[in-house]
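First comes the structure, then the notes that go with it.
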Amino acid sequence: MKTFIVSSLVVGGLALSNFASAQVTKEGAGYRFKAKYAKGQVLKYDMTIKSSGKDVPANAGTMSMPFSLTVKDFKNGIATIRYQGEMMGQKVDQTIKMDQYGKVVGGQAMSSINATFPNRALKVGESWKMDIPMNSPMAAGMKLNGTYKFVGLKSVGGKQVAHIGVNLAGAGGPGGMKITGKGAIYVLVADGHMSSATVDQNMVMSSGQKPMTLKMNVSIKRK
């Protein structure tokens, strides 16, 4: 059960991190991803976490975790954002500050798995890496690394989106947990905000007499 709780906190951070919204504009041979905020802006999402494996509690196979993000203020390139949602049946209400490239610069997210964009134009096929801080007490001591790739532009449901591939790898924290993950984030070109995302994660906790394993699929869709 502890494995499931910790894992849910880890993947739950995707909800907040993917508000690394970016206005996708052509610049030279590439595209610049830069946040576009406005005071009073509200984004609403549905997040579903599906878990499988012998260590998953019988009543915890699927979790629905809706959330909203409200821009309370935007000054000097920094947005003050209020996150409201649920985590493990508990209401969550947090305020953070985020710059125009998706980096959290004030406050603490549950887990900062931020798809932070470089301050430069990205060519199709280009990758970048970043270290990901884990602010949840239940994931304290864990080091998580992300590798992101601008796969390109495509049409989904009649709308143009930017496809960002993501690979995650981490270790440490409670019970010597190890995480690997792979997925995709889709950003609407028209307004620069996440349209959807899906990530598959494999987690192993090595403490105890034998390792505990867990597979999780995280799906986020904009309402």
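What you are looking at is a predicted structure, and each value in this text was computed from that prediction instead of being measured.
The cationic group of Lys26 lies under 6.0 Å from the six-membered ring centre of Tyr31 and within 45° of the ring axis, placing it in a cation-pi geometry.
Rounding to the nearest 0.5 angstrom, the gap separating the OG1 atom in Thr198 from the CG atom in Asn217 is 4.0 Å. Of the inter-residue distances, the one linking Met203 atom CE with Thr180 atom OG1 reads 8.5 Å to the nearest 0.5 angstrom. Here Ser195 contributes atom OG and Lys221 contributes atom NZ; the two are 9.5 Å apart, rounded to the nearest 0.5 Å. Separating the CZ atom in Phe67 from the CD atom in Gln94 is a distance of 12.5 Å, to the nearest 0.5 Å. Taking OG from Ser68 and CD1 from Ile81, the interatomic distance works out to 11.5 Å, rounded to the nearest 0.5 Å. Between the CG atom in Leu153 and the CD atom in Gln160 there is a gap of 5.0 Å [rounded to 0.5 Å].
Few gaps surround NZ on Lys223; more than 12 heavy atoms of other groups in view lie less than 6.0 Å from it.
Under the 6.0 Å cut-off for aromatic ring centres, Phe150 and Trp128 do not qualify, their centroids lying 6.0 Å or more apart.
At a threshold of 4.0 Å, the pair Glu27-Lys123 does not count as salt-bridged, since none of the basic side-chain nitrogens sits closer than that to a carboxylate oxygen. For the pair Lys75 and Asp73, the salt-bridge criterion is met [side-chain N within less than 4.0 Å of a carboxylate O].
When all heavy atoms of Leu214 and Ser51 are compared, the closest pair comes out as CD1-CB, 4.1 Å. The minimum heavy-atom distance between Gly152 and Val124, with the atom names listed, is CA-CG1, 4.0 Å. Of all heavy-atom pairs spanning Met98 and Val105, the tightest one is N-CG2, 4.2 Å. Residues Lys149 and Gly125 share a closest heavy-atom pair of CE-O, 3.5 Å. Contact between Gly30 and Ala121 at its shortest, heavy atoms only, is C-CB, 4.3 Å. The nearest pair of heavy atoms linking Val161 to Leu188 is CG1-CD2, 3.8 Å.
Inspection of the Tyr101 and Arg32 side chains reveals an N or O donor paired with an N or O acceptor under 3.5 Å. For the residue pair Thr80 and Lys97, a side-chain donor N or O sits within less than 3.5 Å of a side-chain acceptor on the partner.
Here the side chain of Lys91 pairs no donor or acceptor atom with the backbone of Asp93 at under 3.5 angstrom. A side-chain donor-acceptor contact under 3.5 Å links Tyr37 to the backbone of Asp99. Tyr45 places a side-chain N or O within 3.5 Å of a backbone atom of Met194 that can act as its donor or acceptor partner.
The hydrophobic clustering, which links ILVMFWY residues whose side-chain heavy atoms are closer than 4.5 Å, places Val92 and Leu43 together. Cluster membership for Ile185 and Val151, using ILVMFWY side-chain heavy atoms within less than 4.5 angstrom, is not shared. Ile78 and Phe33 are assigned to two separate hydrophobic clusters, defined by single-linkage of ILVMFWY side chains at heavy-atom distances under 4.5 Å.
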**Request:** Start with the C-alpha gap between Arg120 and Glu126, add the side-chain angles, then the distance that decides, and say whether side-chain contact (heavy atoms from CB on, under 4.5 Å) holds.
**Result:** CA-CA 12 Å; Arg120 57 181 172 80; Glu126 187 172 353; 2.4 Å; yes

**Asked** Step by step, would you call Lys215 with Asp200 a salt bridge (charged side-chain N to carboxylate O under 4.0 Å, His left out)?
**Response** CA-CA 7 Å; Lys215 292 184 178 182; Asp200 291 311; over 6 Å; no

**Item:** Residue pair Lys34, Phe117: steps toward the side-chain contact (heavy atoms from CB on, under 4.5 Å) verdict
**Value:** CA-CA 8 Å; Lys34 188 176 181 181; Phe117 294 97; over 6 Å; no

**Item:** From CA spacing to verdict: side-chain contact (heavy atoms from CB on, under 4.5 Å), Ile49, Met65
**Value:** CA-CA 8 Å; Ile49 300 175; Met65 299 166 60; 3.4 Å; yes

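Here the side chains of Val166 and Lys182 are not in contact, with every heavy-atom distance at 4.5 Å or above. At least one side-chain heavy atom of Thr62 sits less than 4.5 Å from a side-chain heavy atom of Thr48.
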